[in-house]
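Notes to accompany the following structure.
All ligand and atom numbering here is 1-based and tracks the order in the structure. Count residues from 1 along the sequence.
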Amino acid sequence: MPEFPPERLLIHDADVVVTMNAAREELPRASVVLEGDTIVKLGRATDIDAWIAADPAQRQPHRKVDARGCVVLPGLVNCHHHLYQTLTRAIGTGHGRGLFDWLKMLYPVWAEMDPEAVHVSTQIGLAELLLSGATTVADHLYLFPNGCRLDDEIAAAQAMGVRFHPTRGSMSVGESQGGLPPDRVVEREAAILADSQRVIETFHDPAPRSMLRIGLAPCSPFSVSADLMRESARLARSYTRVGLHTHLAETLDEERYCLEKFGQRPLDYAESLDWLGDDVWFAHMVHPSDADLGKLAHHCSGVCHCATSNMILASGIAPVRQMLDRGVRVGLGVDGSASNDGNHMLGEARQAMLLQRVGWPGFESRADRLSAREALELATLGGAKVLQRDDIGSLEPGKAADLVAFRVDDLGHAGALGDPVSALLTCAPGTVWLSVINGRMVVENGELKGVDLANLVRRHNAASQGMLRRAGLV
Ligand code: ZN
């Protein structure tokens, strides 16, 4: 049998290629060469053309994409999400509810979820994420009613071609034990740990350029026990590169709950359970103390900032600038689609930039608190570091072949060519024109390849309406 070379893709003559390499180089009029799942070369378009012409090994045909009029970036990394929540958008957020009231309203609806609902909501959320520039997505599924399994969202995500970090979430402390969720949506801890081990052994791939890594994610201090937190950490650490994830320091209600129930602030409580380390990343961290920031930096634990969700649920403003200045690893997440209620990854980077500039008690308003480039870095390299990945987040030879291109020659960017990179966030956030994940074109000419979106939306709305009906909300 003849051996065929891996597919070669030439992204040619982009207006700017934003590398996010160590020098944070931005290359004007540049090209990127991909071979199979890896970036092999990038540089000035004329230099790349000459390299291809001069090297006989490069003369085998490349698929060439004309990227004039585009800014090319590393694929964006979404570090925190609950894809299933696309099923319950708007009903808890339109009138405005704080986190605890919002959760108590939605738990009974989520209890009606089934495997079809998990599958279709995963694909709906990922479709929006892919079209807004995400190429790597971490998800946190923590309810498994009616036979749902993590396997349902994994199958759905694999069909979409995304680089996926599903976390096996859990809730084990129901209302009768002093927790927030109703008893009927929590699981037995032995079953949680057994299933966590099963999904790690079935799906987890620690290898470089892995398309799927599992994490373990007890949901929050008010829905799992200290034992489950400890045992989840022990289990995750018995494997290679299985991350640990949870919500922490999201609201002042949570801080009060931890002080009353455990006599400790949230991060001190996490530390007492062995939940500090470079394998841990926390969603939100809106209310850290100064000492908390020091601990996060010292232990290299990551933070996923979710600006939109924090605004919708009035949780507060996370001190991202202080985190960065103290050396804390920070990435971005759109959070669940019932507290956003969208999955626009580039838009989330814009929200993070805008929110940091606003003043709040103890902080004056400052336009220079977070620049557009810094926000883009959080959405790419920052997220990659939070997920402990050194193979994504920047465009460099040897890194995984994940990149996105946004057009800047369109209506929304007219007049913005003086700084097209900043324009990605200062102008209204656009839709990707091209997305390549693991060397494969997932979005081409602004359209998701091979996905019947109209049919997906119909199936999703049918699943959503069924859940709302069964929960008595419509
Ligand atoms: Zn969340």
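Look at Asp37 and Arg209 and you find a salt bridge, because one of the NZ, NE, NH1 or NH2 atoms lies within 4.0 Å of a carboxylate O, short of that distance. Between Asp274 and Arg230 there is no salt bridge, since no side-chain nitrogen of the basic residue lies less than 4.0 Å from a carboxylate oxygen of the acidic one. A salt bridge links Arg89 with Glu128: at least one charged nitrogen is closer than 4.0 Å to a carboxylate oxygen.
Within a radius of less than 2.8 Å around the Zn ion (ligand 1), the protein N, O or S atoms are His80 NE2, His82 NE2, His247 NE2, Asp335 OD1.
The number of heavy atoms from other shown groups lying within 6.0 Å of CD (Glu447) does not exceed 12.
Side chain of Glu189 to backbone of Asp227: no donor-acceptor contact under 3.5 angstrom is found.
Taking the six-membered ring for Trp and the full ring otherwise, the centers of His247 and His80 sit less than 6.0 Å from each other.
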